[in-house]
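Within every chain, numbering begins at 1; the chains are lettered A, B, ... in the order of the sequence lines, protein sequences first and strands thereafter.
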2 protein chains.
Amino acid sequence: MTIASKPPVTMKDVATAAGVHYSTVSRALNPATRDLVKPQIAARILQTARELGYRTNSLASSLRTKRSRVVGVVVPDIASLLFPPILEGIEHALLKEGYMTIVGNSANDPERHRRVLTGMMERQVDGLILASTTLNDPIPDEWFENRAPIVLMNRTDESGRAPAVVNDDMRGIGLAVRHLVDLGHKRIIHVAGPNFLSTGAVRQRAFKLACSELSVPLNRHSIVEATSFTREAGKIACIEALAKNPQTTAIVAANDLIALGCYDALAEKKLSCPEDISITGYNDSPFVDLVRPPLTSVRVDQREMGLEAARILLARMGGHHAGADILLRPEFVLRQSTTPPRTPSH
Amino acid sequence: MTIASKPPVTMKDVATAAGVHYSTVSRALNPATRDLVKPQIAARILQTARELGYRTNSLASSLRTKRSRVVGVVVPDIASLLFPPILEGIEHALLKEGYMTIVGNSANDPERHRRVLTGMMERQVDGLILASTTLNDPIPDEWFENRAPIVLMNRTDESGRAPAVVNDDMRGIGLAVRHLVDLGHKRIIHVAGPNFLSTGAVRQRAFKLACSELSVPLNRHSIVEATSFTREAGKIACIEALAKNPQTTAIVAANDLIALGCYDALAEKKLSCPEDISITGYNDSPFVDLVRPPLTSVRVDQREMGLEAARILLARMGGHHAGADILLRPEFVLRQSTTPPRTPSH
DNA sequence: TCTGAAAATACAAACGTTTGCAAAAATAAC
DNA sequence: GTTATTTTTGCAAACGTTTGTATTTTCAGA
């Protein structure tokens, strides 16, 4: 049994109550046009609107103005540690400007991703922030030609079709490798993220580059790719990597979850961190300072990433062709999962 | 420079292209009314719609049907460990039924909370899931009399105005206390959550009840309230609690973050866990198995909570006055932060 | 008091759908 | 080949706004 609630009060209701035409109500209620109506009448309208409990119907308004004041945000996994702070940043920046956000979870499933995107477009979002782009299954061009501007975040599709807000992983991974080299490590491997994600791919490239610049020997087994950015996949990849590189003294993990997976792998192999093997994470996720040993990581400011993406999107939605990509600068965070190698190779 | 994108294709466009009236297009496109149009024509319409790249305009459709297929979800803090899995569950259950979710972050700020709620109502959400209710600043009645049904989640406002999906904290805290008692603890204190949140209040009551049932002595200092469910507030409250109860051998923390705050407090006081003091957490948040010592906790199924809330909301939106509250059953998780007291009191 | 301009308001057409109802077309019954 | 039915389609009115244009009111200035 649903209670048959009375129909919502519309501008027409307010108009008749205030004894004016409803178009006048519209103008009085909208701060931008309020000065077109005589102040005293405007006041009366505002008053009766309040009394009747009038609340504007965005659907109607959006239909007419072609602006929904809603933006869509798609993340590959809401429940991961990485995205909540990003979402918080986005929501914060957008709400201030009167936008609300529909959030969708692509769950790393292309079909679901498609459904989420169409759902958002049908709902006439004014803009889109995508943290879910993959390199192997790119967003069709048509989306980029749409009414709604798109901003990529965290990951990029490297096509240049949309501005991206990403971290300077080249630098970030460089910091980690340099740190390990400074400690005296020579036998460093990389437990990488999936190659079909820009984050995975870039960090692999960064690892190779840093190694060659710092004269760390590299072979074709030095990089082992985890199938996803998860603790479980990290563990599996780490075990494989250690089997292939028995003399490893340090591991650069592609992100914190993978690093925690490496912890699990070491525990299983009865190796200790950092005494036997040093490990660096990436992202400096919440609570990695509480694990044992506290994880040395590379901090990226997730909230800032969200804020920045929102800012760019706002600019685009405002019709400004806001410039290029944004590269956020990461920061090294030293904790206790790294130490000089047991048998320095000199 | 915004590219003046061509106007989106509407039903009228499809209609003229297919040589029929646009109302026929409407019927052909809607699976529910498709059998009103001759199969062969329907096929032609579907075809041309696909060719022209037609996409329905939800705004117009919603305006007409008074159903937006959007629901609002308000959480007090997106970035906490607790809510992302809940959101994932909600999104999962709702998307399957064609709903998308606007998520709002009340940030524990009443004014912001109000803005988020009005924003959602203006956008004509079909339903609302609130995880943000507080006991001291209740949602005004008018919201509950609205078009959009409301479901409370995780917290309740104890007014019975809306169905709630919560955990059986009575049982959960009981499990923790019983465990400590079984280990031989007699001097147990509770570092509680804020009393103005139902979760804080209920767990305090649960603690008292369990203690009295299990003959654990209780005095007016046995419960110290943290000002929020955070690590920082937990630490402060814990220090205060230990000062007032120097002989404490075990702490029941109101949630995992507070428990981690207690870890911090013990570290500061040079006490060790679990040797000097045992600690139990609550929620079994991700990664509390990785902290040192791994935290004994009470698991609540967060995703299930989201799924359940979504299910109830779907039922209500469908006009079914779905029954009463849902009490989810928690589960004890033994790890290494609890051990028998050093000096068993017998 | 009247004229002309300016200010304030009302009118009405959109926006893109859905849907009751009327009209037309197809089919059945005779 | 009619008529009565049933399908199928078209028509037009909503849904609640915004906004260009027309109309009215107000108020100078003479």
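Contact between the side-chain N/O atoms of Ser26(A) and the OP1/OP2 oxygens of dT17(D) is not found at any separation under 4.0 Å.
Atoms CG and CD1, on Asp301(B) and Ile86(B) in that order, are 10.0 Å from each other to the nearest 0.5 Å.
Side-chain atoms of Arg115(A) never come within 3.5 Å of backbone atoms of Pro110(A) as a donor-acceptor pair (strictly under, hydrogens ignored).
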Verdict with reasoning, Asn154(B) to Gln302(B), per side chain to side chain contact (heavy atoms under 4.5 Å, CB included): CA-CA 9 Å; Asn154(B) 190 44; Gln302(B) 292 140 184; over 6 Å; no

Can Val103(B) and Ile78(B) be said to form a side chain to side chain contact (heavy atoms under 4.5 Å, CB included), step by step? CA-CA 9 Å; Val103(B) 347; Ile78(B) 310 186; 4.1 Å; yes

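Remark on DNA chain D: of its neighbouring residues Leu59(A) and His21(B), the 5'-side contact belongs to His21(B), judged by nearest-heavy-atom nucleotide. Projected onto DNA chain D by closest heavy-atom contact, Val9(A) and Gly19(B) fall at different nucleotides, the more 5' of which corresponds to Gly19(B). Nearest-nucleotide mapping onto DNA chain C: of Asp35(A) and Ala60(B), the residue sitting toward the 5' end is Asp35(A).
Note on residues 125-135 of chain B: pairs passing side-chain hydrogen bond (donor to acceptor under 3.5 Å, both in side chains), not counting sequence neighbours, are Ser68(B)-Asp126(B), His113(B)-Ser132(B), Thr134(B)-Asn136(B). A side-chain hydrogen bond (donor to acceptor under 3.5 Å, both in side chains) check over residues 26-46 of chain A, counting only residues at least two apart or in different chains, returns nothing. Applying the salt bridge (charged side-chain N to carboxylate O under 4.0 Å, His left out) test to every pair with at least one member in residues 66-92 of chain A, sequence neighbours left out, gives these pairs: Glu88(A)-Arg303(A), Glu91(A)-Arg112(B).
Residue Asn30(B) contributes atom CG, which lies 16 Å from atom P of dT8(D) at whole-angstrom precision. Distance Arg55(B) CZ to dG16(C) C1': 16 Å, rounded to the nearest Å. For the pair Gln124(A) CD and dC15(C) P, the computed distance is 14 Å after rounding to whole Å. The CD-P distance, from Glu122(B) to dG16(D), rounds to 15 Å in whole Å. Atom NZ of Lys12(B) is separated from atom P of dA12(D) by 12 Å (rounded to the nearest Å).
Leu128(A) places a side-chain heavy atom less than 4.5 Å from the side chain of Leu117(A).
The listed nucleotides are dT18(D), dA10(C), dG16(D); the one nearest the side chain of Met11(A) is dT18(D). When each of dA10(C), dG16(C), dT19(C) is scored by its nearest atom to the side-chain atoms of Ser23(B), the top-ranked nucleotide is dT19(C). For Tyr22(B), the side-chain atoms get nearest to dT17(C) when compared with the rest of dT17(C), dT17(D), dT9(D).
Scanning residues 61-69 of chain A for heavy-atom distances under 4.0 Å to DNA chain C yields Leu63(A), Arg64(A), Lys66(A). Using a 4.0 Å cut-off on heavy atoms, none of the residues of residues 36-49 of chain A approach DNA chain D.
Contacts of Pro140(B) classified as side chain to side chain contact (heavy atoms under 4.5 Å, CB included), with partners at least two apart in sequence or in another chain: Glu142(B), Trp143(B).
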